[in-house]
Amino acid sequence: MSLPILITGGSQRLGLAIALDLLAQDQPVIITYRRHKSSVDQLKNAGAIVLEADFSTQQGISRAIDEIKRVAPALRGIIHNASDWVPESPERDPGKLMNDMMMVHTSAPYQLNLALKDALVNDSDQLTDIIHMTDYVQETGSENHIAYAASKAALHNLTLSFARVFAPHVKVNSIAPSLVMFNDDDTQEYRDKALNKNLLGMVPGAQEAVKAVNYLLSADYVTGQTLHLNGGRNLK
Ligand SMILES: NC(=O)C1=CN([C@@H]2O[C@H](COP(=O)(O)OP(=O)(O)OC[C@H]3O[C@@H](n4cnc5c(N)ncnc54)[C@H](OP(=O)(O)O)[C@@H]3O)[C@@H](O)[C@H]2O)C=CC1
Ligand SMILES: Nc1nc2c(c(=O)[nH]1)N=C([C@H](O)[C@@H](O)CO)CN2
């Protein structure tokens, strides 16, 4: 029986698509979720271990670490997918927003990676994986999601550090999407504008992230890298 892959924030959208794809490959999966929804039951019925976890507080992070260690003494991989895409706004306190972004996107992955190192560096010859779901804005910054972008850049920096520290047993990579999947409340105007932001004129959907995860899991010679999923937006 293969060792499980942990996916944080696995109850919707990209995380859910990745979890369902891995389960369909008979790959054991553990997901964390913050708010219960029907997909959590769907995943549980499909054989996943589901853990409630809120990474916005230190207590929540520490509790999640204890729970994950309890259910999985050894891991095939960790996909840090949990994320809150929150813009600056006049009514939002900048200090709280920066703390919130750094907790979920940087501190939680940092603490989980350190705490779960022994679970990843097990005595099998199998290479294991850490995948950080970052963002195109890790390299460009953002005008409306400044704290979010900074926290994703910090998350990518964790890729560089952990790739060095956890080698040669663990590969550590970033996947940096740019608009892979619309949100339900995205207006038609936003959607039309978004299609023009990349060279390929498309928004591919969650399966693009699924394909990227499967590639990294299968790779033997890729660590400390970024897999960009942006339709050539950087050249537009
Ligand atoms: N979708 C896209 O086009 C893009 C996605 N990305 C990145 O790819 C990843 C997946 O994107 P997407 O599927 O859209 O992500 P979502 O916005 O759907 O968020 C994924 C999950 O993160 C969970 N989450 C949010 N905050 C916390 C927290 N404080 N503690 C624990 N869980 C939390 C949410 O849980 P709950 O639902 O229970 O609140 C949600 O289910 C993310 O890291 C995102 O930043 C980057 C660029 C573009
Ligand atoms: N947690 C999330 N992060 C991001 C999302 C999202 O829906 N959830 N969406 C985006 C946008 O698609 C952005 O890439 C558009 O330029 C970014 N991050």
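What you see below is based on every heavy atom in this structure, not just the backbone, and it leaves out hydrogens, waters and symmetry mates. All ligand and atom numbering here is 1-based and tracks the order in the structure. Starting from 1, each residue takes its place in the sequence as its number.
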Visitor: So which heavy atom on Ala64 is nearest to which on Ala53, and how close?
Guide: CB-CB, 3.9 Å
Visitor: Is the closest N or O pair between Asn81 and ligand 1 shorter than 3.5 Å?
Guide: yes
Visitor: Please report the closest heavy-atom contact between Arg76 and Leu217, naming both atoms and the distance.
Guide: NH2-O, 2.9 Å
Visitor: Hey, is ligand 1 close enough to Val104 that some N/O pair sits below 3.5 Å?
Guide: no
Visitor: Between Pro177 and ligand 1, does any nitrogen or oxygen pair lie at a separation below 3.5 Å?
Guide: no
Visitor: Looking at Thr134, which atoms of ligand 1 are within less than 4.0 Å of one of its heavy atoms?
Guide: 7 (C), 46 (C)
Visitor: For ligand 1, is there an N or O atom under 3.5 Å from any N or O atom of Leu14?
Guide: yes
Visitor: Going by the side chain to side chain contact (heavy atoms under 4.5 Å, CB included) test, name the single residue among Ile78, Asn81, Leu43 that passes it with Ile7.
Guide: Asn81
Visitor: Check this for me: does any side-chain nitrogen of one of Asp84 and Arg34 sit under 4.0 Å from a carboxylate oxygen of the other?
Guide: yes
Visitor: Taking both backbone and side-chain atoms of Arg35, is any N or O found less than 3.5 Å from an N or O belonging to ligand 1?
Guide: yes
Visitor: Tell me the nearest of Glu208, Lys152, Met133 to atom 44 (C) of ligand 1, using heavy-atom distances.
Guide: Lys152
Visitor: Any N/O of Ser178 closer than 3.5 Å to an N/O of ligand 1?
Guide: no
Visitor: Considering only heavy atoms of Tyr148, which atoms of ligand 1 have at least one such atom less than 4.0 Å away?
Guide: 45 (O), 46 (C)
Visitor: Using a 4.0 Å heavy-atom cut-off, say whether Asp100 meets ligand 1 through its side chain, its backbone, both or neither.
Guide: neither
Visitor: Geometry only, no angles: is Gly15 polar-contacting ligand 1 at N/O separations under 3.5 Å?
Guide: no
Visitor: Holding to side chain to side chain donor-acceptor pair (under 3.5 Å), I want the full list of residues that pass it with Gln111, two or more places apart in sequence or in another chain.
Guide: Gln58, Ser107
Visitor: Between ligand 2 and the protein, which N/O pairs fall short of 3.5 Å?
Guide:
| unit_1 | atom_1 | unit_2 | atom_2 | d |
| --- | --- | --- | --- | --- |
| ligand 2 | 1 (N) | Ser83 | O | 3.4 |
| ligand 2 | 1 (N) | Ser83 | OG | 2.8 |
| ligand 2 | 3 (N) | Tyr148 | OH | 3.4 |
| ligand 2 | 7 (O) | Arg13 | NH2 | 3.1 |
| ligand 2 | 7 (O) | Asn183 | ND2 | 2.8 |
| ligand 2 | 14 (O) | Leu179 | N | 3.0 |
| ligand 2 | 16 (O) | Arg233 | NH1 | 3.4 |
| ligand 2 | 18 (N) | Asp135 | OD2 | 3.3 |
| ligand 2 | 18 (N) | Tyr148 | OH | 2.9 |

